[in-house]
Amino acid sequence: MTKKEFENLQKRLSYSNESAWKVLNEEEEVDDFSKSYMDFMRKGKTERTLVEESIKILEENGYVPIEKADPKKEVKAYKVYRSKALAIYRIPKEIENGFNVIASHIDSPRIDLKPRPVIEDTDVALAKTHYYGGIKKYQWFNIPLAIVGVIVKEDGESVKINVGNEPGDPVFVISDLLPHLDRDPNKKCRDINGEMLNLIIGSKPLVFEKMDSAVKINILKILNEKYGIVEEDLMSAELELVPAFEPRELGFDRSMIAAYGHDDKICAYASLKALLDSKKIARPTVVVFFDKEEIGSDGSTGAKNQFWLPPLKKLLSLKGKDVNVFFDELIENTAVLSSDVSAAVNPTFKDVHEMNNAAILGHGIVVTKYTGAYGKAGANDADAEFVWKIRKLLNDNKVPWQTGELGKVDVGGGGTVAKFFAERGMHVIDMGPALLGMHSPYEVVSKADLYSSYLAYKAFISNFKM
Ligand code: MN
Ligand code: MN
């Protein structure tokens, strides 16, 4: 065999994966899309604010609350579930054989305030916290934090809080110990535990005589004047600490975006835009944003409660379908993209990956056949037949994509919402962009991977049939 013959054979037989930038020649579209994503991320840092931003976009595009939709016509509607989850429906007049669903989650790792947060110690007012989701605690020290959420007062009025995100707002900080005094002779520095994540919220006493809690009472007075609340109201509240940083372009070449909460708001935004930008839909389509994925999808707004199904069932029965007869069949033929992020290889920490099956930054959306850990435990392991359909869809539509596994075997792992669709009998596969620094306060994504994800979701909505 000649060298030339060998090379031809090699090219024909082996798989190779290349940079998505080579395939994406719409550089302007990639940049415009990235800018609109960054705008969205500035406002939608928590599940509640993201739902609010999404509704604005949906209403601008003619979507209505599902209760107001006319079931006789093509339905473009949404359902807000307990202010923290959202389902978007695009249902044509005629229903064929199942739905196309894209599901992501809009909660991100963060730090929550405890029900009785405010304490004072040594003339500093602090808020006690309990972290939410998988964080590396040290990453949350010494960075500007914003407080976002809702407080329900004794009279039932709900007050929205959002401090630290606007220019001119104060921010909040969890302060670390200075290196000079962090020298345990037996260790490099002391271990950080959850009760050390105390947020600094004030330091000025209300009065100067020797009084108990003069700094704390001053903070409560300020909160009372601004929001009309008293300390007990903080018990019926959800107050989340999120990084106060803005999303920014990253690198001299501006090829990446650094932001808080790409996991998994990036898939929410890409799927929302994909739905709005799809001129035609291949099948009835539902885009769902869940809460609570980062703590195992428990809770009524998490994916263990498939809140989007009852409104759909009701809609179909209003259309005159006998849902008792047809719904199970429709569900069996439903295809779901569990749209969640994956881990890109960080060149500084390559040892946790098996490079033949690791996702590379900038190589397109990652198709993950299975997640789980320690022998695929807890995974939805997508069928070969379904993977083939997705592979063909992406190739036919020239979407840059790659495969990826979350780290070496037995090194770690993770789960997504996929299995909560699988257990209902739907076809489901994981698909989303790969990040650097996932779950950190400032995650990194390639613009090419963001755009590839959008293209993939658009191809799925416009063309996918079982
Ligand atoms: Mn995620
Ligand atoms: Mn996550």
Side-chain angles (χ1 to χ4, degrees), residues 37 40-41 44-47 50-51 54 84-86 101-112 131-137 139-140 240-243 247 257-272 287-299 301-304 336-344 346 352 359 361 365-373 378-380 382 404-407 411-422 428-446 449-450 452-454 456-457:
Y37 171 59
F40 184 76
M41 292 294 272
K45 286 187 186 176
T46 68
E47 53 282 24
L50 188 138
V51 165
S54 304
K84 296 191 287 186
L86 181 69
V101 178
I102 306 184
S104 57
H105 67 91
I106 55 173
D107 60 319
S108 302
R110 60 170 192 262
I111 298 175
D112 290 339
Y131 65 96
Y132 173 98
I135 64 167
K136 291 168 92 173
K137 299 181 189 82
Q139 296 177 338
W140 295 75
E240 306 178 6
L241 304 183
V242 292
I257 301 167
Y260 163 70
H262 285 314
D263 178 9
D264 181 34
K265 298 169 172 85
I266 192 166
C267 295
Y269 185 74
S271 58
L272 169 65
V287 167
V288 195
F289 301 167
F290 287 108
D291 177 29
K292 298 278 182 281
E293 193 275 346
E294 297 295 356
I295 56 168
S297 296
D298 296 300
T301 49
K304 284 186 188 173
V336 184
L337 300 184
S338 161
S339 311
D340 205 346
V341 297
S342 181
N346 180 331
V352 297
L361 193 77
I365 188 168
V366 183
V367 176
T368 305
K369 186 176 182 294
Y370 51 86
T371 57
N380 155 64
E405 202 176 1
L406 195 67
V411 160
T416 62
V417 299
K419 62 179 175 180
F420 306 115
F421 290 87
V428 53
I429 191 162
D430 282 290
M431 238 165 85
L435 307 182
L436 294 176
M438 194 205 290
H439 285 203
S440 77
Y442 218 36
E443 301 172 322
V444 172
V445 73
S446 158
D449 295 338
L450 163 65
S452 300
S453 304
Y454 162 73
Y457 302 153

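All ligand and atom numbering here is 1-based and tracks the order in the structure.
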_Residues E47, R110: salt bridge by 4.0 Å N-O rule_ = yes
*Full working for salt bridge (Lys or Arg N to Asp or Glu O under 4.0 Å) between K304 and D298*: CA-CA 6 Å; K304 284 186 188 173; D298 296 300; 2.6 Å; yes
*Heavy atoms only: give me the nearest D264-S339 pair and the separation to one decimal.*
OD2-O, 2.5 Å
_Once you measure the plane-to-plane angle for Y269 and F40, does it fall in the parallel (<30°), tilted (30-60°) or perpendicular (>60°) bin?_
tilted
*Of all the heavy-atom pairs spanning S342 and A359, show the shortest one and how long it is.*
OG-CB, 4.4 Å
*What protein N/O/S atoms sit under 2.8 Å from the Mn ion (ligand 1), by chain and number?*
H105 NE2, D263 OD1, D340 OD1, D340 OD2
*asked:* Any heavy-atom pair between the side chains of Y132 and D107 that's under 4.5 Å?
replied: yes
